[in-house]
J.: 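Handing you this structure, nothing more for now.
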Protein chains: 2
Amino acid sequence: MPKVNIDRVLHALADPTRRAMLDRLGAGPLPASRLAAPLAITLTAVGQHLRVLEASRLVRTEKVGRVRTCRIETAGLSALEQWIGDRRSLWERRLDRLGAVLAEDDKGE
Amino acid sequence: MPKVNIDRVLHALADPTRRAMLDRLGAGPLPASRLAAPLAITLTAVGQHLRVLEASRLVRTEKVGRVRTCRIETAGLSALEQWIGDRRSLWERRLDRLGAVLAEDDKGE
DNA sequence: GAGATTGTCAAGTGAATACTTCAGTATTCG
DNA sequence: CGAATACTGAAGTATTCACTTGACAATCTC
């Protein structure tokens, strides 16, 4: 599987319209046109958003005949989850050490 | 604790310079000037990034005398983690149901 | 107090971004 | 076939965004 670029994922998720599209797809796959319908937006714009979402592996899309069906892909969010996890564990380890030092200080008091 | 806005968090994290600042702070608190030093960027720009990071509760900052000390705050990332978790569980529940339906089809075959 | 350090404010610039419209191209349907 | 549907591409626009410069303010150090 091709690697996921964290920069792309975060940039993709930073836009509220794209997040709305994701949430909509969360209920199940949809053709691009139906994805566009409730958003006050042209189909062209949706197509542009879709390219961004696909590049970040947050959605997968497949064209059959004249209709492009869009569905959630988990790779993007998983990559983000891991990115967060990496940082969180690092920081918490540091805070733990800090806590230990403070406790040691107390003992020495 | 004041609520964290997911839109702000994602927007803040979407910028590579801000992520670099975060990673740098992961090793421990720093004054703004030292945060600016290794980045090819003015102190003014760092100040602007800091406001964004603070608004999204990814860092906390405190000014003592003439130096502003910056440190990681966990609230922002936690909010994001929860946002992801919400979606993930929703989608997976849907995929589970889909799996069940397919299994049922197999049985009926 | 003089001079250096550290940060802040206001205003400006260039690039990126989310849109649009208009003009196509395939595909399905009567 | 011809008309409607579903999308795609190119080009333009308006806003946002990261960043800069330059002037100022507060604090520390000698």
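Order of the sequence lines sets the chain letters (A, B, ...), proteins ahead of strands, with each chain counted from 1.
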J.: In B/S/- notation, 5' to 3', how is nucleotides 2-7 of chain C contacted by protein heavy atoms closer than 4.0 Å?
T.: --BBSB

J.: Please list, chain by chain and in numerical order, all residues satisfying side-chain contact (heavy atoms from CB on, under 4.5 Å) with A:S78, sequence neighbours excluded.
T.: A:T74, B:R88

J.: Under the side chain to side chain donor-acceptor pair (under 3.5 Å) test, which residues partner B:Q82, sequence neighbours left out?
T.: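 Residues passing side chain to side chain donor-acceptor pair (under 3.5 Å) with B:Q82: none at all.
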
J.: Check every nucleotide of DNA chain D for an atom under 4.0 Å from a heavy-atom of chain B, then give the first and the last such nucleotide from 5' to 3'.
T.: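 Both ends considered, the range comes out as D:dC17 to D:dC28.
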
J.: With rounding to the nearest 0.5 angstrom, report the CG to CG distance, B:L58 to B:L80.
T.: 8.5 Å

J.: Can you name the salt bridge (charged side-chain N to carboxylate O under 4.0 Å, His left out) partners of A:R18, sequence neighbours left out?
T.: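 In terms of salt bridge (charged side-chain N to carboxylate O under 4.0 Å, His left out), with neighbours along the sequence ignored, A:R18 is linked to no residue.
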
J.: Side-chain N or O of A:T42 less than 4.0 angstrom from OP1 or OP2 on C:dT20?
T.: yes

J.: Could you list the residues that satisfy salt bridge (charged side-chain N to carboxylate O under 4.0 Å, His left out) with B:R68, not counting sequence neighbours?
T.: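 Partners of B:R68 by the salt bridge (charged side-chain N to carboxylate O under 4.0 Å, His left out) criterion come out as none, since no residue qualifies.
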
J.: Taking side chain to side chain donor-acceptor pair (under 3.5 Å) as the definition, give me every residue that meets it alongside B:T69, ordered by chain and number, with sequence neighbours left out.
T.: none

J.: A:E54: which residues meet the salt bridge (charged side-chain N to carboxylate O under 4.0 Å, His left out) condition with it, sequence neighbours left out?
T.: none

J.: Heavy atoms under 4.0 Å, any strand shown: does B:G65 hit a base, just sugar-phosphate, or nothing?
T.: sugar-phosphate

J.: In this structure, how many angstroms lie between the P atom of C:dT8 and the CD atom of B:Q48, rounded?
T.: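 One finds 11 Å between P of C:dT8 and CD of B:Q48, rounded.
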
J.: What residues form a side chain to side chain donor-acceptor pair (under 3.5 Å) with B:D7, not counting sequence neighbours?
T.: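 Here the qualifying residues are A:R19.
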
J.: Checking B:R87 now: which residues fulfil salt bridge (charged side-chain N to carboxylate O under 4.0 Å, His left out) with it, not counting sequence neighbours?
T.: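 In terms of salt bridge (charged side-chain N to carboxylate O under 4.0 Å, His left out), with neighbours along the sequence ignored, B:R87 is linked to A:D23.
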
J.: Please name all residues satisfying side chain to side chain donor-acceptor pair (under 3.5 Å) with B:T42, sequence neighbours left out, ordered by chain then number.
T.: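 Partners of B:T42 by the side chain to side chain donor-acceptor pair (under 3.5 Å) criterion come out as none, since no residue qualifies.
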
J.: For residues 8-26 of chain A, which residues have at least one heavy atom under 4.0 Å from DNA chain C?
T.: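 Nucleic-acid contacts, sorted: A:H11, A:D15, A:T17, A:R18.
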
